Number of protein chains: 2
Amino acid sequence: MHTDQPVARRRGRPPRQRNELTDTRELLLRAGLEVLTEKGFSATGIDEILGRVGVPKGSFYHYFNSKEAFGLALIEGYGRFFARKLDRHLGNRALPPLLRLHAFVDDARDGMARHAFRRGCLIGNLGQEMGALPESFRDRLRDTFEDWQARFSACLVEAREAGEIAADADTDQLAAFFWIGWEGAVLRAKLEKSAKPLELFAGLFFASLPRG
Amino acid sequence: MHTDQPVARRRGRPPRQRNELTDTRELLLRAGLEVLTEKGFSATGIDEILGRVGVPKGSFYHYFNSKEAFGLALIEGYGRFFARKLDRHLGNRALPPLLRLHAFVDDARDGMARHAFRRGCLIGNLGQEMGALPESFRDRLRDTFEDWQARFSACLVEAREAGEIAADADTDQLAAFFWIGWEGAVLRAKLEKSAKPLELFAGLFFASLPRG
DNA sequence: CATTTAACTAGACAATCAGTCTAATATTTC
DNA sequence: GAAATATTAGACTGATTGTCTAGTTAAATG
């Protein structure tokens with residue numbers, strides 16, 4: 001039985017190749033991310049996003065079933081975006097592990113500064129809004145935090161193996177401690193329009209790490 | 001010149017004495033606090049608050065000039081409420097200073113647990129929402145955090161004087177560190193519907209305090 | 001009782017929300 | 001060209017938003 005022969009190719013228009021730069025769906029996601037990191041989910045109307053990109057409403061509901069589905073797509077995209085950022089820094093074997101963590105923190109701080117501290121962290125924003133959000137968001141947000149924590153913890157393990165922190169350090173706990181507090185720092189940085197909360201938190205966090 | 005004589009008493013109906021328990025204004029504030037700590041400012045409609053209290057819409061704008069004015073009143077009330085809670089614990093001379101801080105943390109955690117971790121901190125909620133809020137909120141929120149931090153720092157000073165923490169500890173910095181991270185912990189506790197983030201953060205915070 | 005002032009209410013208002021729907025057009029394969 | 005699908009276009013709905021005005025009721029004084 002032939003299987004590598006195109007038995008009955010579908011007629012009609014095939015799905016087009018997605019282009020990262022011009023794809024309408026991608027444009028909507030990008031604009032959505034900008035607005036949601038600034039104002040959150042509930043305070044943002046779909047029309048505002050549409051207006052920015054210059055796309056009519058019909059297109060939105062072609063690409064997304066609902067505002068909820070749009071939010072879920074944003075969470076996933078942002079989670080991956082940040083995971084890549086983490087990997088880029090924490091996997092940089094040119095630096096000792098602790099310095100990699102510092103590099104990540106600096107990068108994240110610079111990212112906030114670049115937008116004049118108007119944009120925060122999408123995951124943190126939505127987490128705080130959970131009371132008014134579709135319940136489907138909860139697990140995704142939790143999973144995202146857990147994922148980031150795991151990457152952070154892995155780097156702490158390397159630091160432990162390199163003798164930079166104490167041999168009996170609980171890296172999972174320390175990573176959780178970091179992310180819990182870091183999200184608070186992002187919140188405050190947005191409120192105060194300043195990098196100080198980020199630097200203060202990161203400074204005392206690193207100082208608090210148990211030394212060998 | 002007589003001043004204790006009621007020279008020209010105003011005619012007409014006098015402003016009534018506000019009664020803490022039945023006052024409509026107070027009821028609106030109380031209900032508003034419940035909803036806003038749960039869902040935030042933008043996601044909450046005035047109608048929802050009105051519905052809870054059983055007060056018609058027209059009355060709202062008799063007591064408050066706008067939703068914004070309502071929000072400002074809530075911030076002030078919540079700031080004072082929490083300041084009292086802080087004073088009650090941190091001023092308790094029956095306990096050594098560090099234990100007072102622990103007592104406050106436990107109280108705050110129990111408060112969240114009592115509402116099944118659905119309600120967060122009003123100030124933290126609004127801080128995160130700042131991007132979509134009237135700019136008049138920003139200073140009030142900042143001031144509230146500063147106020148809480150000052151009270152926390154004062155207790156740390158007592159701890160330092162009692163030799164519970166290092167003599168050269170920077171109490172202002174430590175208090176800032178605590179509140180930055182604590183708000184993050186409240187956020188996570190709400191997301192995870194669990195006391196764990198609160199306990200984990202508080203645990204490592206206290207462990208990180210520089211010992212004499 | 002009449003007047004004055006305050007407390008409170010009823011509902012209209014325009015604006016905006018998320019979401020739906022129908023029709024038209026663009027793009028590709030057969 | 002015909003067929004099939006992808007995408008666009010935007011009017012429309014019904015619900016909800018914050019705000020406001022005009023009115024009624026309550027309590028005091030002269």
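Just so it is clear, the model here is predicted, and its values are computed rather than measured.
Computed from coordinates, the A:R25 CZ to D:dA6 C1' distance equals 14 Å when rounded to whole Å. Between B:Y63 atom OH and C:dA6 atom P there is a gap of 14 Å when expressed in whole angstrom units. Atom P of nucleotide D:dA26 and atom NE2 of B:H62 are separated by 15 Å, given to the nearest angstrom.
Counting heavy atoms from C-beta on, the side chains of B:S136 and B:L72 come closer than 4.5 Å.
Judged by distance alone, the side chains of A:S153 and A:T171 do bring a donor and an acceptor atom under 3.5 Å apart.
Checked against the 6.0 Å centroid threshold, B:F70 and B:F60 count as a close aromatic pair.
By the 4.0 Å N-to-carboxylate-O rule, B:E38 lies too far from B:K190 to be salt-bridged with it.
A sub-4.0 Å separation between OP1 or OP2 of D:dT7 and a side-chain N or O of A:S59 is absent.
The aromatic rings of A:F82 and A:W179 sit perpendicular, their planes meeting at an angle over 60°, well past the 30° parallel limit.
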When every nucleotide of nucleotides 16-21 of chain C is labelled 5' to 3' by its protein contacts under 4.0 Å (heavy atoms), B for base, S for sugar-phosphate only, - for none, what sequence of letters results?
-> -SBBB-

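Every residue was checked against the side chain to side chain donor-acceptor pair (under 3.5 Å) condition with A:E183, not counting sequence neighbours, and none meets it.
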